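The figures here come from the full heavy-atom set of this structure, side chains too, leaving out hydrogens, waters and symmetry mates. Quantities reported herein were computed from a predicted structural model and do not represent experimental measurements.
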Amino acid sequence: MNLFEEAVIYSTIMHAGKTRKDNSPYILHPLEVSQLIATMTDDIEVITAGVLHDVVEDTDGTIDEIRERFGERVANLVVSETENKYENLPKSETWKRRKEESLAVLKNSPDIGVKMLWLADKLSNIRSIARRYGEIGNSVWQTFNQNDPMMHKWYYQSVAEIIEMDLNRTGAYKELIQHINFIWPGTFARSKEQYRKYKELSIDGLELIGKGAKGNVYRVDDELIVKVYNNENMFKDIERENALARKAFIAGIPTAISFGIVTVGKKYGSLFELVESNTISGLIAKNPDNVEFYAKTMADLARQIHNTDTTGMDIPDYMPEVYKWINGGVANVDVDVAKKVTEMLDALPKATTMIHGDFHTGNVMQQKGEYLLIDMDRLSTCNPIAELSGVYMFYVAFGELGSEFVDNLMGFSHDVSKEYYRHFMNYYFSNKSEDEIQLISKKCALLAYLRLVRRCYKKGLNLSEVDRKACDYCMSKIYELLEDVDDFIIT
């Protein structure tokens with residue numbers, strides 16, 4: 001017997017006497033999963049894992065036994081599909097927690113076999129659900145530990161989005177989308193259901209002209225640039241960004257509109273027709289003596305954005321993100337400081353002001369004397385202090401943690417970036433005195449250092465030596481600034 005045949009016998013014995021929700025013999029499901037995997041690959045270990053994937057979760061079989069019988073990789077594949085049962089808690093109470101933990105495993109797995117196994121299992125499951133849904137409608141959900149159909153929609157949609165880049169060419173993926181849209185109409189656009197053939201683009205040899213938190217910008221040719229997103233950005237994130245960019249454009253904000261989405265290896269990219277353009281970061285790097293001119297240009301652009309009223313525009317509120325800077329950062333270090341700055345944020349008047357959300361020179365392109373914003377995914381409504389604190393963070397605070405931060409992000413030195421910040425604030429607040437600007441800058445600095453403390457804790461409570469040093473430095477600046485700053489209001 002080969003590996004798969006032995007697994008079929010083992011799985012049949014382990015599932016003997018068990019049935020599915022529709023009373024069919026349980027073994028039919030793992031056999032169907034293996035058959036679906038075989039339509040995507042001839043990798044015998046993945047096909048074998050398909051027939052074994054429920055053994056640990058639903059029988060007395062153990063992962064050690066599977067590892068001994070069928071090898072390390074098969075065992076690891078089965079583990080990816082095995083949920084923590086939380087035996088001492090009701091299944092209905094742990095449902096979302098179990099699904100979130102499993103989705104994290106799927107998202108972070110480097111083995112394409114894991115994605116194939118998940119796709120086959122979810123397709124087999126949703127085939128069964130769709131049949132019953134067609135017969136009895138929403139009553140089908142009463143047979144599950146989680147009886148809210150929207151939670152199931154969230155789960156299946158999340159799986160489909162995570163595996164899309166790798167498996168959207170397969171018939172199994174297309175069928176999964178069809179069943180999701182049958183049960184929850186409109187979940188995915190019709191074009192996705194029919195499979196969108198993304199154009200493939202290589203960035204090998206292309207000039208890198210800009211960097212950002214979400215990805216990098218490359219020059220394709222004299223007429224085109226491509227923004228290549230980081231791995232965590234899914235197709236829906238890019239569609240959302242493009243929708244926000246169109247809203248900004250309609251509101252009169254000079255914005256570059258993507259005309260197409262491409263794949264770049266296992267990442268996505270957005271194409272822009274920007275003839276002979278460059279980022280302002282790139283222009284400053286080439287000629288630092290012009291930093292004042294570009295600081296004024298950016299200040300003018302910031303004022304235009306901040307003078308745009310967002311009433312009726314249906315764009316997100318950024319303040320919940322600002323509160324996360326406090327609750328996920330300084331609250332881990334000093335509860336009293338967290339309470340004080342939270343009260344200062346609470347005192348801010350409700351804003352209908354537009355902010356870009358990631359406003360720096362790497363996100364503004366110059367094309368024949370015209371300046372156009374890119375990276376519109378954080379376009380929001382918020383008090384401008386949130387945006388201005390970001391400017392302080394990018395051009396002053398980052399460099400204090402190490403000059404490489406500014407060099408890597410902007411492409412020019414910390415000395416130049418501090419000069420940029422000084423000119424930017426002077427032009428943005430051209431109607432204010434030097435003392436007034438200095439106080440406003442302290443408010444921006446306080447919020448910036450609070451944000452950087454949050455950045456240190458993003459990976460967890462156990463800080464690395466580098467993050468601990470950065471956190472300690474930022475906390476020292478926060479304590480110092482709180483002696484002079486008692487609100488975030490800018491008048």
Side-chain angles (χ1 to χ4, degrees), residues 32-33 36-37 39-40 81 95-96 99-100 102-109 112 114-134 137-138 140-141 144 146 148-200 214 229-247 257-271 314-316 376-377:
E32 181 181 26
V33 170
L36 287 167
I37 293 171
T39 67
M40 296 180 268
E81 271 274 280
W95 188 89
K96 191 168 191 290
K99 301 306 178 189
E100 287 174 336
S102 297
L103 288 171
V105 173
L106 172 64
K107 186 173 183 178
N108 294 318
S109 175
I112 186 66
V114 169
K115 293 182 174 66
M116 291 178 178
L117 175 57
W118 270 70
L119 172 54
D121 179 39
K122 303 321 166 200
L123 176 53
S124 175
N125 287 338
I126 205 169
R127 278 176 173 177
S128 178
I129 295 171
R131 283 194 297 269
R132 294 292 291 153
Y133 179 78
N138 281 325
V140 70
W141 307 113
F144 290 88
Q146 171 57 259
D148 181 353
M150 299 310 293
M151 294 302 295
H152 289 275
K153 174 190 174 183
W154 159 78
Y155 180 57
Y156 278 98
Q157 184 177 358
S158 297
V159 172
E161 288 168 344
I162 291 171
I163 65 176
E164 177 186 15
M165 179 65 82
D166 291 295
L167 299 176
N168 60 18
R169 290 172 173 79
T170 66
Y173 182 84
K174 299 172 193 177
E175 185 183 346
L176 177 70
I177 298 302
Q178 289 171 351
H179 287 304
I180 292 173
N181 275 350
F182 168 66
I183 299 172
W184 301 283
T187 301
F188 290 111
R190 184 72 186 169
S191 56
K192 183 188 289 284
E193 181 181 335
Q194 295 173 338
Y195 168 58
R196 191 190 304 258
K197 291 189 176 180
Y198 309 113
K199 178 182 177 182
E200 296 179 357
K214 287 284 186 177
Y229 297 84
N230 297 333
N231 281 321
E232 63 268 21
N233 292 281
M234 300 179 188
F235 188 84
K236 67 169 185 175
D237 300 318
I238 303 170
E239 288 183 318
R240 175 181 172 276
E241 177 178 339
N242 290 340
L244 287 170
R246 286 190 287 271
K247 290 180 180 181
I257 304 295
S258 170
F259 67 86
I261 299 175
V262 296
T263 56
V264 183
K266 289 191 175 183
K267 300 178 181 179
Y268 286 112
S270 284
L271 285 171
D314 189 29
I315 63 175
M376 303 299 289
D377 61 298

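No donor-acceptor pair closer than 3.5 Å links the side chain of Arg246 to the backbone N or O of Ile257. Under the 3.5 Å distance criterion, the side-chain polar atoms of Asp121 are left unmatched by any main-chain donor or acceptor of Leu117. Although no hydrogens or angles enter the test, the distance criterion places a donor-acceptor pair under 3.5 Å between the side chain of Thr39 and the main chain of Leu36. Asn168 contributes no side-chain N or O that, together with a main-chain N or O of Tyr173, makes up a donor-acceptor pair within less than 3.5 Å. No donor-acceptor distance shorter than 3.5 angstrom exists from the side chain of Ser109 to the backbone of Val105, with no hydrogens or angles considered.
Heavy atoms only, all atoms of each residue included: Ala160 and Phe188 are closest at CB-CZ, 3.7 Å. Here the closest heavy-atom approach between residue Ile37 and residue Ala120 is recorded as CG1-CB, 3.5 Å. A pairwise comparison of heavy atoms in Ser258 and Gly260 identifies OG-O, 3.1 Å as the closest pair. Minimum interatomic distance between Lys214 and Asp377 (heavy atoms only, all atoms of both residues): CE-OD2, 2.8 Å.
Expressed to the nearest 0.5 Å, how far CH2 of Trp184 lies from CE of Met150 amounts to 8.5 Å. With rounding to the nearest 0.5 angstrom, the NZ atom of Lys267 is 11.5 Å from the CD1 atom of Ile238. Rounding to the nearest 0.5 angstrom, the gap separating the CD1 atom in Ile126 from the CD atom in Gln178 is 11.0 Å. Atoms NZ and CE, from Lys96 and Met151 in turn, are 5.0 Å apart once rounded to the nearest 0.5 Å. To the nearest 0.5 Å, atoms NE2 (His179) and OG1 (Thr187) are separated by 13.5 Å. Between Lys122 atom NZ and Ile129 atom CD1 the span is 10.0 Å, to the nearest 0.5 Å.
Residue Asp314 places its CG atom among 12 or fewer non-hydrogen atoms of other residues, nucleotides or ligands, all under 6.0 Å distant. Counted within 6.0 Å of NZ on Lys99, heavy atoms from surrounding residues, nucleotides or ligands total more than 12; the atom is thus considered enclosed.
Salt bridge present: Asp166 and Lys266 bring a charged side-chain N and a carboxylate O closer than 4.0 Å. Comment: Arg127 engages Glu32 in a salt bridge, judged by a side-chain N to carboxylate O separation of less than 4.0 angstrom. Between Lys107 and Glu100 there is no salt bridge, since no side-chain nitrogen of the basic residue lies less than 4.0 Å from a carboxylate oxygen of the acidic one.
In this structure, the side chains of Tyr268 and Thr263 come closer than 4.5 Å at one or more pairs of heavy atoms. No side-chain heavy atom of Tyr229 sits less than 4.5 Å from a side-chain heavy atom of Asp237. When side chains are defined from C-beta on, Leu119 counts as touching Met40, because their heavy atoms get closer than 4.5 Å. In this structure, Trp118 and Leu103 have side chains that are in contact, with non-hydrogen atoms separated by less than 4.5 Å. Contact check for Pro149 versus Ile183: no side-chain heavy atoms found under the 4.5 Å cut-off. Residues Ile112 and Leu167 have side chains in contact (heavy-atom distance under 4.5 Å, counting atoms from C-beta outward). Using a 4.5 Å cut-off on side-chain heavy atoms (C-beta onward), Trp95 and Asp148 make no contact. Taking the side chain as every heavy atom from C-beta outward, Ile261 and Asn242 approach each other to under 4.5 Å.
Under the 30°/60° scheme for interplanar angles, the aromatic rings of Trp141 and Tyr133 are found to be tilted.
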